[in-house]
Amino acid sequence: MAETPPSMVFPVRDYDLASTLSCGQAFRWEHVGAATFLSPRAAEDVARASSPAGSWGVSLQVRSSGETPPEPAAGTAALRGSWEGVIGSRWVRQTANGEGIVAETAQSAGDWSWLTEYLQTGVDMAAVLASFPDDEPMRAATAACRGLRLLRQEPWECLASFILSSTKQIVQIRQIIAQLCERFGEPVAVPPGHAPAFAFPSAARLADCTEAELRDCKMGFRAPNLRRAARSVAARELDLERLRLLPADEAREALLRIHGVGPKVANCVLLFAYGFQSAFPVDVWVLKALRQLYFPRRRPTPQRLRAFTATHFGPNAGFAQQYLFHYIRLTAKQSHDRPI
DNA sequence: TACCAGGAGAGCG
DNA sequence: CGCTCTCATGGT
């Protein structure tokens, strides 16, 4: 008898799975629309607590000073449907229902700590939100992006991904990484009949690639940077695990020594892989948000801006940054969809 | 068609 | 420090 594929329900509130998996922290999650489930049990898990969209995540306490009643943030992706991807060497499908997240794998899932760690389901969002500055921009951002979370990713995949991210649109980063995984990643177990899936290629594997092979994945001038980083990790000149033990500033220094890693990419890795909550990546979008929301009339010098981001947003500045990032992109999209 | 994208590095004043 | 130019590719 074939045993039923593993599935599990994680009860968690204030978790917008769609926004979190698609907002540009990680680049491999695919939305698959209506879920087709491996097992009746998983389908049951999803259906059991399924509820109308409006009642999802209602427990959150943040709202913009007595204005709108709590309802799903405008612009967030549909609650229905699933997200498929690979974490480490495990294929996984995730579906949000009314009470939490239903996860399915293709093979033994062990104790699922690999998934709860990745999703950071144990984070107390009320505490995080309470630590944000009480100003209008943050009120607006947290109200619009309710349930947005930070993932905790594997350092090499995160570093490599963000080396590839510079001056690229998110859709394009996804394409590059998809090709990289398909060509150089180890295949992982998938459900019967499912399209093949691949792990993110190891540093050792990418270190063996020629620059031309990497350029074939359309990464352009980023190819030599990725290759050098891969060789450095593979040769144990750079120990990414060691960085976990360091203070944030020392870990940042180590990352900045990598060719192709500047302040923005270093902060992304500090935040998305190592969980240094103070890291505050400033990309073109966050820069736009900061100027528009906090410095509407004058143009702050880079130095002034650095001082501001280092002090204004508190101990969870990185979290605040992700809310600003998502918020400014939502409003940009909306104004594009429906010009005034 | 132009402009821009989750930048970084090198050269310059 | 702050400015500018280049790098490769494709989306909007």
Side-chain angles (χ1 to χ4, degrees), chain A residues 19-29 141 145 148-151 153 157-180 209-229 232 252-273 276 279-293 295 298-310 313 317-339:
Chain A
S19 294
T20 301
L21 296 181
S22 68
C23 73
Q25 302 180 55
F27 302 98
R28 300 196 60 200
W29 293 102
C145 308
L148 182 63
R149 300 287 193 124
L150 289 178
L151 300 171
Q153 303 178 53
E157 174 170 350
C158 188
L159 171 63
S161 295
F162 279 96
I163 284 176
L164 297 175
S165 75
S166 73
T167 31
K168 279 290 179 195
Q169 298 182 142
I170 290 175
V171 281
Q172 217 169 336
I173 301 167
R174 293 171 55 85
Q175 290 169 5
I176 295 169
I177 292 175
Q179 285 200 51
L180 200 62
C209 289
T210 65
E211 186 180 319
E213 286 179 311
L214 296 179
R215 280 184 184 264
D216 263 355
C217 299
K218 309 303 179 187
M219 65 184 71
F221 60 85
R222 302 157 194 83
N225 293 338
L226 178 61
R227 186 163 178 272
R228 284 174 64 175
S232 177
R252 182 182 291 105
E253 273 184 51
L255 291 169
L256 288 173
R257 284 185 218 117
I258 304 167
H259 201 84
V261 176
K264 190 271 174 182
V265 170
N267 281 325
C268 281
V269 177
L270 290 177
L271 186 60
F272 301 144
F276 288 108
F280 196 101
V282 178
D283 72 317
V284 290
W285 288 100
V286 172
L287 183 61
K288 181 188 296 189
L290 291 172
R291 282 181 178 161
Q292 189 173 309
L293 300 173
F295 303 91
R298 60 199 191 283
R299 226 183 122 104
T301 64
Q303 190 178 198
R304 170 80 182 101
L305 211 54
R306 278 194 297 274
F308 181 73
T309 59
F313 294 99
F319 236 119
Q321 174 273 161
Q322 198 60 21
Y323 273 79
L324 290 175
F325 176 76
H326 197 52
Y327 176 61
I328 196 72
R329 284 169 56 89
L330 282 179
T331 59
K333 179 177 294 188
Q334 283 165 9
S335 69
H336 180 267
D337 290 347
R338 190 163 52 87

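Chain A is the first sequence line, chain B the second, and so forth, proteins listed ahead of strands; every chain is numbered from 1.
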Can you check the [X] [atom1] to [N] [atom2] distance for me, whole Å?
| X | N | atom1 | atom2 | result |
| --- | --- | --- | --- | --- |
| A/Gln153 | B/dG6 | CD | P | 16 Å |
| A/Ile163 | B/dG6 | CD1 | C1' | 14 Å |
| A/Phe162 | B/dA5 | CZ | C1' | 14 Å |
| A/Ile328 | B/dA5 | CD1 | P | 12 Å |
| A/Phe280 | B/dG6 | CZ | P | 17 Å |

Check your understanding: How far, in whole Å, is B/dG7 from C/dT12 if one measures between their P atoms?
Key ->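 It works out to 16 Å between them.
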For this session: Determine the interatomic distance between P on C/dC3 and the same-named atom on B/dG6; round to the nearest Å.
Result: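 Nearest-Å result for C/dC3 against B/dG6 at atom P: 23 Å.
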Sequence neighbours excluded, the answer for salt bridge (charged side-chain N to carboxylate O under 4.0 Å, His left out) partners of A/Arg329 is none
message: Among residues at least two apart in sequence or on other chains, which ones pass salt bridge (charged side-chain N to carboxylate O under 4.0 Å, His left out) with A/Arg28?
response: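 In terms of salt bridge (charged side-chain N to carboxylate O under 4.0 Å, His left out), with neighbours along the sequence ignored, A/Arg28 is linked to no residue.
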Report all interatomic pairs (protein N or O, nucleotide N or O of nucleotides 7-13 of chain B) with separations under 3.5 Å.
from	atom 1	to	atom 2	distance (Å)
B/dG7	OP2	A/Thr167	N	3.0
B/dG7	O5'	A/Thr167	N	3.2
B/dA8	OP1	A/Gly262	N	2.9
B/dA8	OP1	A/Gly262	O	3.0
B/dA8	OP1	A/Lys264	N	3.3
B/dA8	OP1	A/Val265	N	2.8
B/dA8	OP2	A/Lys264	N	3.4
B/dA8	O5'	A/Gly262	N	3.4
B/dG9	OP1	A/Gly260	N	3.0

Specify the closest pair of heavy atoms between [X] and [Y], including all atoms of both residues, with the distance to one decimal.
| X | Y | value |
| --- | --- | --- |
| A/Phe272 | A/Cys158 | CB-SG, 3.8 Å |
| A/Trp285 | A/Ala332 | CZ3-CB, 3.8 Å |
| A/Val265 | A/Val261 | CG1-CG1, 4.0 Å |

Just to be sure I understand the rule, does [X] reach a base, reach only the sugar-phosphate, or reach nothing, if contact means heavy atoms closer than 4.0 Å?
| X | answer |
| --- | --- |
| A/Phe272 | base |
| A/Arg222 | base |
| A/Cys217 | nothing |
| A/Arg306 | sugar-phosphate |

Can we call the ring centroids of A/Phe280 and A/Phe325 under 6.0 Å apart?
no
For A/Gln179, the side-chain contact (heavy atoms from CB on, under 4.5 Å) test, sequence neighbours excluded, returns A/Arg183, A/Cys217, A/Lys218
Per the atom types in the model, does the base of B/dG6 pair as donor or acceptor with the side chain of A/Gln322 at under 3.5 Å?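 Yes.
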Applying ring pair (Phe, Tyr, Trp, His ring centres under 6.0 Å), name anything that partners A/Phe295, two or more places apart in sequence or on another chain.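 Per chain and number, A/Phe295 pairs via ring pair (Phe, Tyr, Trp, His ring centres under 6.0 Å) with A/Phe308.
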Check: A/Arg149 main-chain N/O paired with A/Thr20 side-chain donor or acceptor under 3.5 Å: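 Checking the backbone N and O of A/Arg149 against the side chain of A/Thr20, a donor-acceptor pair under 3.5 Å is found.
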5'-most to 3'-most nt of DNA chain C touching chain A (<4.0 Å, heavy-atom partner on protein side) reads C/dG2 to C/dG11
